[in-house]
There are 6 protein chains.
Amino acid sequence: MKRGMCPGTFDPVTSGHLDIIERAATLFDELVVAVALSPDKGGGPLFSIDERCAFIEQATEHLPHVSVRPFDTLLMDFAAEVGATAIIKGLRAVTDFEREFQMAQLNYRISTEIETMFIMAIPEYMYLSSSAVKEIARHGGPIEGLVPLHVHDALEERLAGSRLGRT
Amino acid sequence: MKRGMCPGTFDPVTSGHLDIIERAATLFDELVVAVALSPDKGGGPLFSIDERCAFIEQATEHLPHVSVRPFDTLLMDFAAEVGATAIIKGLRAVTDFEREFQMAQLNYRISTEIETMFIMAIPEYMYLSSSAVKEIARHGGPIEGLVPLHVHDALEERLAGSRLGRT
Amino acid sequence: MKRGMCPGTFDPVTSGHLDIIERAATLFDELVVAVALSPDKGGGPLFSIDERCAFIEQATEHLPHVSVRPFDTLLMDFAAEVGATAIIKGLRAVTDFEREFQMAQLNYRISTEIETMFIMAIPEYMYLSSSAVKEIARHGGPIEGLVPLHVHDALEERLAGSRLGRT
Amino acid sequence: MKRGMCPGTFDPVTSGHLDIIERAATLFDELVVAVALSPDKGGGPLFSIDERCAFIEQATEHLPHVSVRPFDTLLMDFAAEVGATAIIKGLRAVTDFEREFQMAQLNYRISTEIETMFIMAIPEYMYLSSSAVKEIARHGGPIEGLVPLHVHDALEERLAGSRLGRT
Amino acid sequence: MKRGMCPGTFDPVTSGHLDIIERAATLFDELVVAVALSPDKGGGPLFSIDERCAFIEQATEHLPHVSVRPFDTLLMDFAAEVGATAIIKGLRAVTDFEREFQMAQLNYRISTEIETMFIMAIPEYMYLSSSAVKEIARHGGPIEGLVPLHVHDALEERLAGSRLGRT
Amino acid sequence: MKRGMCPGTFDPVTSGHLDIIERAATLFDELVVAVALSPDKGGGPLFSIDERCAFIEQATEHLPHVSVRPFDTLLMDFAAEVGATAIIKGLRAVTDFEREFQMAQLNYRISTEIETMFIMAIPEYMYLSSSAVKEIARHGGPIEGLVPLHVHDALEERLAGSRLGRT
């Protein structure tokens, strides 16, 4: 049985992430979405590791062979631990490509047993990132369609106090 | 009457920014230079929002149809508020292009009424950025020609205490 | 009165070209679509200069301030001849950006009177080019939506004899 | 059973292609190497379609679940015909990425049933292409290790007459 | 006598840096490795300026014409101070290229006497950076071969307390 | 004595090439400009190998340690033949970088004795290429400053018959 892994910080998961997860899910018998703790990424995540996992679980509950797991170790160690033979990532832009290329090479050096594979974001989501969504939400801009509905509501609530502009 | 908008943080305005502003000014009946508050960009701006606006006002006073306005909302909301139908940005490099492409797509999704347009930096200013100017000034290097004279003097004064090297 | 120009080979015009032309048309009082003769581009164009102009005329007949003109001179000379003050081009990718950047710099050196401006292709058309359309059509693949209907029919007819695959 | 496809012109197959094919082979139950006829690519291929297929067959004979098939139709039609659910390509550089991105988007538009996946070339083969190998061989330079031994000998023989330099 | 300079933060020096230094050393009669103090780069360096210099001195002691010197001034001022006529940098990726291009242009503007030259990282080290090494070491991953042995040991010791994962 | 080599097709030499040659000349005791025969590059060169060499000889006659030599072998073989220890190339853009990176890696594989070094084109010449100059000249556009005066005159004469546009 082939098991794949989709790693990320997912702070929060976007419609672009979910498109990659759903397409990756068709390529494997089992797919693990691996959520990195990332405590120090740019001032810390907006949502806790538990919240981030729960968002994805709710958004993928129609996919029984997809599971969500937090991790705080080296990605390749975690992939080996869960028995994944491939890591799947979405590519959006040239700068994505370069960063991912570097990481794929480093990871291949750590273990040649686990292959990193890439699929291209569909055009509609090429411009989409968690940080762009948070930036728009922070200024009260429209984020409908950029994130699942339950993430939309959680973002509204979380940012209610710190909302800028559009008063 | 066509009104355009040139947004940025302008901390401080450089000769490269001014070249883009002057060229954009020939394309519109009115041009608004929109200065973002950006309180949290890399430790906060070196100059206050009032200082940054004043630098641009002084540098564009020969252009009566150019006005300068601070903003702290979503860019597309501010563009709508001032009645701009186009946003003009300068492109210098491939990494600029990718970031701007993402923002243009997001902004187009928020409003298809306002078009984002790009003009290329001239070769002399392709290497120029506010942060490069500050980095050079901080080490006492020569910034003549990279910023207008009044910005040059303000930079010298502001950095007089924190000056590194070239003792 | 501001007059803009959209240059290209348009062999044939695609839905992506037309999106750029329509968006550019909102930014100028008059817009000239300038069709380059390009006799030697990769074995010569598939459609004659008259056919290529006619395709665009038909596709833009709802835009009375858009006109279509063939040219076979230096772009900047033709822009000056028709009285355009700006050239508008669509950007799709990093390689587009680099080629266009080089041409914009060369053209600016020839005349600083005429500004080159860029707008970003919308995501749906980012992958679209005349040569991709011809390649797909040549193999009998589906090109609906990639070109206007009358161009679609002309492509079918032109390639009927040389059709590859999908027999 | 999951079936993948590795398409290319393979004129001739290089050690870089073979690395991608071998890694892709571990990810699928069956892998079809699809060799494009490409009659008009830069003056025509150096080796015939039969020769190119035979080179790959010999180099992959230790992989019983890898088969080699020529094609001359639209890639997506051929993938559907052989029942592949994924197309695997190797990425070497940013320019590869952009071209492949465009093709992946076009192909996804033709059929959302077939996913295009990318794996990164290993560093040793990042600089390697069929055309570079032919260019070196043409000038009598060393191509050991860049192609399998039987391709090496075929290249030597084919280019014996046209050899330039290194006399 | 030609004197070259290899500048960097080297926190810590990697096998990739040393490859560039050794290759640069063959091109000059004397080579100065210039170690930037960089007190504020991403939370401060992991190793002190003295430690970083000592690591390089130990790794280059077989190269008598290579010397190591700390600096905290404008790079071009320091290059002039030590009498270097060329600055040598390694390039790994497109994003490196863009950043280095900008710095080379700025530096050329400060002094046309000192030329910036680039050599390409060899494929094995193209993915290698000080921050990647620290990231792997922090999670207890394998860094053998990525840094010299004495740097390896220092990294292990320095990170012993803060080690994450791989428990 | 250190000997460097600047290779190219130089059809014809531009002001950008000459800037690279002059700057490279300060870095070596002797510099060989190596002119590739390139009989099949895009329909063949406009100028013969003898003309192309003569143009460079005339433009560099004030630099006694610069010599010009045609070659038609593998670059690394020719570099070894003339005793060069380094190859110097100018970089203008990201696409240059990628192509040059590939060639540098291939050449390093052929011989580790000869280092490929890069210097950045100055901003004024970043947009300049032999093919752009020929394209402008063919349409009667202004090429003053883009090539030396004697190349300017030769281009005018050579293209007198085939001149397009600007009648």
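Qualifying ring-ring contact (aromatic ring centres under 6.0 Å, His included) partners for C:F71, counting only residues two or more places apart in sequence or in other chains: C:F78. Remark: F:F55 pairs with F:F47 by the ring-ring contact (aromatic ring centres under 6.0 Å, His included) rule, at least two apart or across chains.
In terms of heavy-atom pairs under 4.5 angstrom with chain F, the leader among C:R99, C:E98, C:Q102 is C:E98.
Proximity of a side-chain donor or acceptor of C:R3 to a complementary backbone N or O of C:A79 within less than 3.5 Å is not detected.
Atom CD of C:E81 sits in a crowded spot, with more than 12 heavy atoms from other residues, nucleotides or ligands closer than 6.0 Å.
Heavy-atom distances place no part of F:I143 under 4.5 Å from chain C, backbone and side chain included. Contacts between F:E124 and chain C at a heavy-atom distance below 4.5 Å are absent for every atom of the residue.
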